[in-house]
Amino acid sequence: MNRFVSVLFLLFVCLAAGAQRIAVNPKFGAVSDAEVDMTVYEPDTSAVALMLYRSYNLDLVFDNNIAIVQEITVHERIKVLKEEGKKYADFSFLYLNTTDIKEKYSGVKVETYNRENGKVVKTKMSKKYEFDEKYSDDARRLSFTAENVRVGSVIEVTYQFVTPRFYDIDNIYLQLSIPVNETDVTVGHCEYFRINKSQRGYILPAYRSDNRIKQTSVDGGRLSYQVEMDCYHAVDLPAMQSESFSYCPTQYRTQLLYDLSGVSIPGSVYKDYSATWNDVDKAIAESSIFDEVKAKFRDAKELEAALQGVEGDEARIVAVRKYVTDKVKWNEKSRLVPKGAREVLKQGSGSDADINALTASALNAVGYLAEPVMIRRRSEGVLVDFHASINAFDTFIIKVTTPDASKNWYLDAAREFGYLNVLNTDFLIPQARLMHLDGHGEWVDLTALTKSRVTEMVKASVTPDGTLTGNATIQANNEDSYGIKAQYDDFDSEEEYIEDIESDERIDITSFEIQKEYGPTTMIAYDFERDLDTGDRLYIQPFLSNYHSDTSFRKEKRDIPVDFPYPTAIIYSFVLDIPEGYDVEELPESVTMTCPPVKGRILFQCKQIGNQISVSYRFTMDETTVLPEYYADLRAFWEKVVGVEKSTIVLKKQ
């Protein structure tokens with residue numbers, strides 16, 4: 001477990017004592033006049049909606065066939081405060097409907113409350129607004145919409161869900177993307193069940209335990225057993241929304257995690273449902289992931305011919321990857337399990353799993369060792385929160401080792417912006433599962449495979465009519481290179497990309513060139529012009545673009561960690577010819593500053609050398625995670641960085 005996750009598990013702060021903001025009657029239909037008439041939620045006036053009350057009841061019990069099931073009942077009361085909050089009137093759920101797994105939603109009841117002509121009017125949802133339809137061969141979708149919803153409405157909904165997938169208990173969130181006024185969660189589990197449970201988040205709800213007796217039919221008789229009840233209660237939970245530099249904000253919400261590890265009925269039944277990562281390794285080794293990675297490559301002779309004359313391991317690995325991707329294009333889909341090579345080659349397109357499996361098979365055919373590396377994306381939350389399961393992973397990349405085992409690289413063959421050891425930032429995780437071809441696995445760290453850097457050099461001068469002209473050369477490598485290529489690809493044309501640079505930097509680009517071939521670097525060069533306000537003084541900003549946004553950390557306090565994509569360095573130089581007839585009136589002050597929480601440092605210097613002004617700037621940041629207790633330090637450092645990048649040179653006419 002990495003350091004910041006360990007700390008997060010200890011970051012429980014008791015909910016402040018005191019009454020809830022809005023008194024509610026939790027009984028369905030007991031909506032008060034005060035709830036209907038409220039227009040703003042004072043603790044968070046920006047809230048578009050408010051969860052006035054939510055109850056979530058989960059029972060992990062036996063059904064009449066003595067099979068373990070999850071029975072879930074949800075009751076929500078939502079206040080619509082702004083136009084954007086009307087989206088909370090729409091509900092949609094996917095559920096499984098296969099030969100082996102039959103899940104079911106039932107008991108849907110939806111009501112809307114509005115103030116009309118001085119009276120509170122209740123509108124019940126008609127069944128014509130409820131849809132239960134086929135979604136795929138294995139799943140159906142239930143969707144429904146509350147009627148007569150407007151700003152000011154109170155929406156109340158309840159429904160039940162039953163699933164035989166007792167082994168797959170979803171995280172139970174007390175904290176949501178909108179504020180929660182009051183919430184109750186009850187989790188009931190049979191006395192014969194061995195339960196693992198934990199909590200996450202920075203707010204600790206009130207807790208009490210209770211018991212009840214439950215009965216079920218067995219062979220014409222009745223089985224009675226005790227159900228242990230875990231009861232949680234919380235009020236005034238703030239909204240947990242997206243934050244800058246956070247890949248998965250939901251992982252920091254106040255939540256409950258439950259897992260059934262076994263069943264033990266004295267003298268009758270014992271079954272262990274717990275799994276280890278060794279069990280997961282075995283499942284992966286027996287899956288089609290291994291089948292396709294270890295499969296004999298179908299076009300081995302043609303591939304060998306394509307490699308003739310290609311020297312060096314890196315060049316040969318890249319050539320193998322090109323051979324595969326020339327035949328199979330990525331369809332922009334991400335999967336965990338690949339299809340068969342025959343089908344993929346026939347279709348000419350495939351998922352990232354398809355392309356990585358095929359590339360691994362090809363590399364193994366020409367003497368390299370290519371092994372799958374199981375990935376759970378950063379945007380899906382840290383892996384440590386999940387119990388050992390193959391379902392904890394989203395997709396896989398490959399590790400490539402030379403025949404003499406002297407060197408190795410990590411490769412995602414599907415994504416064209418990467419390279420050897422240059423991956424999508426969503427894959428830069430501290431715990432990826434490397435699966436050796438003999439079937440055993442080990443954890444590997446993908447967070448620091450390379451060092452990334454941007455180097456930008458600008459030479460500029462001022463024309464007699466007051467135009468700043470010059471040229472800029474940018475070289476980015478590794479992850480920074482990946483980012484530029486991905487950004488360029490987001491635009492429909494190069495012209496639109498250029499227009500975006502012109503808008504950001506307030507310049508006109510007169511010539512432009514980009515080199516973005518498959519590899520670890522990207523080069524950009526362009527000539528530019530910028531009109532200056534002429535007069536007694538010229539105000540020149542030496543940074544054409546700001547590398548750091550002044551909107552990133554405006555909040556004075558932050559409750560979740562800052563999660564930067566990767567360590568990076570920026571080296572920037574700007575040389576300005578002082579125009580004839582002008583003197584230097586003011587230069588920005590030199591700055592040296594460090595920020596230990598991110599192992600960050602800035603060095604900035606601006607000086608006159610003869611008839612030129614020289615600006616040199618270096619920014620480094622080696623740590624990617626900043627815990628909330630160090631946020632103030634990071635914020636001060638960031639403000640200084642932004643200030644440096646907005647510095648101004650002042651020239652005065654003689």
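Worth knowing before you read on, the calculation uses all heavy atoms, side chains too, and leaves out hydrogens, waters and symmetry mates.
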Does the Ser549 side chain pair with the main chain of Thr551, one donor and one acceptor, at a distance under 3.5 Å?
yes
Compare all side-chain heavy atoms of Thr450 with those of Pro520 and state whether any distance is below 4.5 angstrom.
no
Give the C-alpha distance, both sets of side-chain angles, the deciding distance and a yes or no for side-chain hydrogen bond (donor to acceptor under 3.5 Å, both in side chains) between Ser334 and Arg377.
CA-CA 11 Å; Ser334 187; Arg377 293 183 182 86; 2.3 Å; yes
Enter the distance from Asp480:CG to Ile570:CD1 here, rounded to the nearest 0.5 Å.
7.5 Å
How long is the straight-line distance from CG of Leu576 back to CD1 of Ile613, given to the nearest 0.5 Å?
5.0 Å
Please check if the side chain of Glu380 supplies one atom and the backbone of Asp394 the other of a donor-acceptor pair under 3.5 Å.
no
Side chain to side chain, Pro567 and Ser452, heavy atoms closer than 4.5 Å
no
Any chance you could measure Ile514, atom CD1, to Lys485, atom NZ, to the nearest 0.5 Å?
9.0 Å
Carefully, step by step, assess Asp279 and Lys282 under the rule side chain to side chain contact (heavy atoms under 4.5 Å, CB included).
CA-CA 5 Å; Asp279 297 326; Lys282 185 174 184 292; 5.7 Å; no
Side-chain heavy atoms of Leu423 within contact of Ile397, under 4.5 Å
yes
Determine whether Ile560 and Glu243 make a side-chain contact, defined as any pair of heavy atoms from C-beta on separated by less than 4.5 Å.
yes
For Ala295 and Ser361, which heavy atoms make the closest approach, and how far apart are they?
O-OG, 2.7 Å
Do Phe604 and Cys606 touch side chain to side chain, with heavy atoms closer than 4.5 Å?
yes
Side chains of His436 and Asp438: any donor to acceptor distance under 3.5 Å?
no
Tell me yes or no: between the side chains of Asn546 and Glu645, is some donor less than 3.5 Å from an acceptor?
no
Where the side chain of Thr325 meets the backbone of Val328, is there a donor-acceptor pair that is under 3.5 Å apart?
no
If we count only N and O atoms by modelled type, under 3.5 Å, do the side chains of Asn97 and Asp138 hold a donor and an acceptor together?
no
About how many Å separate CG of Leu428 and CG of Asp426, when rounded to the nearest 0.5 Å?
8.5 Å
Any chance CG of Asp404 has more than 12 other-residue heavy atoms, nucleotides or ligands included, within less than 6.0 Å?
yes
Beyond-backbone contact of Leu468 with Asp531, side-chain heavy atoms, under 4.5 angstrom
no
Would Asn408 and Val400 count as a side chain to side chain contact (heavy atoms under 4.5 Å, CB included) here? Give the steps.
CA-CA 5 Å; Asn408 59 72; Val400 186; over 6 Å; no
Testing the 3.5 Å rule here: is there a donor-acceptor pair between the side chains of Gln541 and Arg506?
yes
Between Thr395 (side chain) and Arg335 (backbone), is there a donor-acceptor pair under 3.5 Å?
yes
Decide, yes or no, whether a salt bridge links Lys646 with Asp550 under the criterion of side-chain N to carboxylate O below 4.0 Å.
yes
Where the side chain of Thr522 meets the backbone of Ala476, is there a donor-acceptor pair that is under 3.5 Å apart?
no
Whether Phe528 and Tyr526 hold their rings parallel, tilted or perpendicular, with breakpoints at 30° and 60°
perpendicular
What's the spacing between Ile429 CD1 and Ile375 CD1 if we round to 0.5 Å?
4.0 Å
Can any side-chain N or O of Asn364 pair as donor or acceptor with the backbone N or O of Ala370 at less than 3.5 Å?
yes
Counting C-beta onward and ignoring hydrogens, is there a side-chain heavy-atom pair between Glu371 and Val293 closer than 4.5 Å?
no
Report, as yes or no, whether the 6.0 Å neighbourhood of atom CZ on Arg530 holds more than 12 heavy atoms from other residues, nucleotides or ligands.
yes
Using a 6.0 Å cut-off, check whether atom OH of Tyr135 has over 12 heavy atoms from anything other than its own residue.
no
Where Asp633 and Cys595 come nearest, the two heavy atoms and their spacing
O-SG, 3.9 Å
Where do Asp291 and Ser288 land on the side-chain hydrogen bond (donor to acceptor under 3.5 Å, both in side chains) test, with the steps shown first?
CA-CA 5 Å; Asp291 291 342; Ser288 60; 5.5 Å; no
Can you name the nearest heavy-atom pair linking Val626 to Tyr631, along with the distance?
CG1-N, 4.4 Å
Nearest heavy-atom neighbours spanning Gln255 and Thr250
NE2-O, 3.1 Å
Could you check whether the rings of Phe564 and Trp638 sit parallel, tilted or perpendicular, using 30° and 60° as the cut-offs?
parallel
Any donor-acceptor pair under 3.5 Å linking the side chain of Glu479 with the backbone of Val422?
no
Tell me whether Asp354 contacts the main-chain N or O of Pro338 through its side chain, where contact means a donor paired with an acceptor under 3.5 Å.
no
Let me see the working for Tyr566 and Thr425 under side chain to side chain contact (heavy atoms under 4.5 Å, CB included), right down to the final yes or no.
CA-CA 7 Å; Tyr566 50 85; Thr425 59; 3.6 Å; yes
Hey, are the side chains of Val641 and Tyr547 touching, using non-hydrogen atoms and a 4.5 Å cut-off?
no
Could you tell me whether Arg415 and Asp352 have a side-chain N and a carboxylate O separated by less than 4.0 Å?
yes
Can Phe619 and Thr568 be said to form a side chain to side chain contact (heavy atoms under 4.5 Å, CB included), step by step?
CA-CA 8 Å; Phe619 169 92; Thr568 190; 4.2 Å; yes
Aromatic ring proximity, centroids under 6.0 angstrom, Tyr518 and Tyr419:
yes
Hey, is CZ on Arg618 packed in by over 12 heavy atoms from elsewhere, all under 6.0 Å?
no
Test side-chain hydrogen bond (donor to acceptor under 3.5 Å, both in side chains) applied to Asp527 and Ser511, step by step
CA-CA 5 Å; Asp527 296 330; Ser511 69; 2.8 Å; yes
Roughly how far, to the nearest 0.5 Å, is CD1 of Ile501 from CD1 of Ile524?
5.5 Å
Between Thr447 and Asp445, is the side-chain hydrogen bond (donor to acceptor under 3.5 Å, both in side chains) condition met? List the steps.
CA-CA 6 Å; Thr447 59; Asp445 186 348; 2.6 Å; yes
Less than 6.0 Å separating the ring centroids of Tyr572 and Tyr617?
no
Ser503-Asp500 side chain donor-acceptor pair, cut-off 3.5 Å
no
Side-chain donor-acceptor pair present, Thr467, Thr469, cut-off under 3.5 Å
no
Quick check on the 6.0 Å ring-centre criterion: do Tyr488 and Phe417 meet it?
no
Taking only residues at least two apart or on different chains, which pairs with a member in residues 310-331 satisfy salt bridge (charged side-chain N to carboxylate O under 4.0 Å, His left out)?
Glu302-Lys327, Lys322-Asp326
Expected output: side-chain Ser287 to main-chain Ile284 donor-acceptor under 3.5 Å:
yes
Any donor-acceptor N/O pair, Gln608 side chain to Gly610 backbone, under 3.5 Å
yes
